[in-house]
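These notes concern the structure reproduced below.
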Amino acid sequence: MGDGLGGPRASATVTTGELLRLIRDGRATTRADLASLTGLARSTVGQRLDALIAGGLVYEAKKGPSTGGRPPTVLAFNESAGVVLAVDLGATHCRIAVADLNNATLAEVAGDLDIALGPEKVIERVMRRCHELLKLAGRVAADVRGVGLGVPGPVEFASGRPVSPPIMPGWDGVSIPELVRKQFDAPVLVDNDVNIMALGEWWAQLRDDPDILFIKVGTGIGCGIVAGGEIYRGSQGAAGDLGHIQVTDAVDALCRCGNVGCIEAVAGGAAIARQLRTLGYEANTSRDVVKLVRTGNTDAVRLVRTAGRQLGSVLASAVNFFNPSVIVMGGDIAHAHEQLLAGVREVVYQRSLPLATRHLRILRSGLGDRAGVTGAGVMVIERILSSTDVLGGMSGGMTETA
Ligand SMILES: [Zn+2]
């Protein structure tokens with residue numbers, strides 16, 4: 001997402017998708033802008049622009065009243081040239097949105113959906129909702145340019161297949177894109193839900209901060225990394241699996257991953273609920289913890305604060321290692337009370353190196369429940385519009401000519 005495509009190196013490699021980005025960002029409003037920003041010859045710019053205009057992605061808007069002669073025009077991105085579907089599947093709920101190509105929501109719905117019903121049933125229900133939402137938005141299936149989908153488990157991003165997901169019985173190795181493409185003939189991208197939440201938060205409020213960490217504290221603890229303005233997945237898609245960093249040898253802190261002493265097993269929502277049960281409270285889920293914290297229960301507040309400190313010590317290492325400018329805290333425990341953030345802040349600022357924390361901000365999620373669909377939309381829009389084959393991707397098969 002760097003700016004400045006200029007220079008002789010660039011001219012050979014500037015794609016039509018990159019030209020489109022300059023128009024989408026508002027950095028280029030004329031053909032001359034495009035030529036000077038990219039170093040491409042005006043004739044090349046003209047050719048590619050004609051293709052973008054013919055493909056419906058760019059139009060020439062009139063600029064102000066004409067003063068005689070040819071009216072001045074500016075290049076503008078046509079965000080209505082299609083729509084994307086954004087789907088955020090959780091363990092027991094889902095949220096689905098139809099968005100235009102600027103990721104503005106046109107229609108959205110959220111409801112209960114048990115991921116354990118298995119891929120066929122879940123995707124079928126989601127697809128039915130998608131068709132209903134399209135109708136609400138006044139669009140049809142042929143308008144769908146891409147589908148972005150997040151699931152609550154690890155995913156092999158290239159193929160869109162969940163990999164041994166612990167809370168998604170029946171989904172292991174299933175090609176989610178294949179199921180979706182039975183309904184929509186468009187690119188389908190599938191990622192872990194925490195990754196798309198991270199991307200959503202970054203896109204909505206932090207685009208001037210290329211490097212951020214998003215931490216979700218719900219039943220478990222997950223982390224999404226945005227590096228250089230893009231999701232960082234690592235070589236196998238397992239990057240950011242911060243919840244299973246070991247913080248204690250205590251044998252009672254058995255983690256669902258099979259190891260002992262993971263941060264998730266001492267500071268996640270399920271772990272806090274367990275600690276509350278030993279104190280005699282009825283607390284089985286992270287929601288129960290949230291309820292107790294909201295009523296001002298001092299044991300619950302204290303345990304959440306302690307969890308924040310424990311998480312802070314792991315995050316202090318992550319800060320030294322990755323040097324993000326922002327850490328965003330999401331998930332229901334983070335939303336319940338300032339205590340978790342307070343605990344995190346206390347330890348991170350104390351334990352991280354001064355240079356790494358000089359400008360570090362630790363914030364609460366700005367999007368809450370909408371982070372996932374927001375990020376799913378961004379993920380798929382960036383893929384289809386930045387692609388070297390942006391026009392091929394938009395019309396189903398046409399290939400780009402330079
Ligand atoms: Zn673990």
Side-chain angles (χ1 to χ4, degrees), residues 89-92 115-116 150-157 161-173 191-198 213-225 231-278 283-290 303-322 324 327-334 336 340 343-344 347-348 351:
L89 292 176
T92 58
I115 198 92
V151 297
V155 176
E156 185 189 69
F157 181 68
R161 295 172 192 269
V163 182
S164 309
I167 59 164
M168 298 171 64
W171 292 76
D172 187 21
D191 205 345
N192 173 263
D193 59 351
V194 186
N195 281 351
I196 59 169
M197 291 167 88
L213 291 179
F214 175 82
I215 311 295
K216 180 187 176 190
V217 186
T219 303
I221 294 177
C223 169
I225 303 169
I231 299 174
Y232 180 79
R233 299 186 176 87
S235 69
Q236 305 297 320
D241 207 346
L242 184 129
H244 301 285
I245 289 176
Q246 192 185 19
V247 293
T248 172
D249 289 329
V251 285
D252 62 333
L254 182 67
C255 185
R256 60 178 170 164
C257 74
N259 288 323
V260 163
C262 301
I263 180 66
E264 173 175 308
V266 299
I272 301 172
R274 192 185 61 233
Q275 292 158 34
L276 284 166
R277 284 199 300 280
T278 64
N284 296 303
T285 64
S286 58
R287 280 185 198 179
D288 298 334
V289 176
V290 170
L303 287 171
V304 167
R305 175 95 180 199
T306 303
R309 287 195 196 102
Q310 289 164 318
L311 183 55
S313 82
V314 169
L315 284 176
S317 305
V319 164
N320 289 343
F321 188 74
F322 177 62
I327 295 175
V328 183
M329 305 288 301
D332 52 9
I333 300 283
L340 185 83
V344 166
V347 178
V348 167
R351 294 268 299 273

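Each ligand, and each atom within it, is numbered from 1 in the order the structure gives.
Checked by atom type and distance alone, the side chain of R274 pairs as donor or acceptor with a backbone atom of A265 at under 3.5 Å. Proximity of a side-chain donor or acceptor of E264 to a complementary backbone N or O of V266 within less than 3.5 Å is not detected. The closest donor-acceptor contact from the side chain of W171 to the backbone of G153 lies at 3.5 Å or more, if one exists at all. Checking side-chain atoms of E156 against main-chain N and O of G173 turns up no donor-acceptor pair under 3.5 Å.
Under 2.8 Å from the Zn ion (ligand 1), one finds the following protein N/O/S atoms: H244 ND1, C255 SG, C257 SG, C262 SG.
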Please tabulate, one pair per line, all N/O donor-acceptor pairs under 3.5 Å involving side-chain atoms of residues 231-245, not counting sequence neighbours.
unit_1 : atom_1 : unit_2 : atom_2 : d
R233   : NE     : D191   : OD2    : 2.8
R233   : NH2    : D191   : OD2    : 2.8

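Under a cut-off of 6.0 angstrom, the local environment of CZ in R287 is sparse, with at most 12 non-hydrogen atoms contributed by other residues, nucleotides or ligands.
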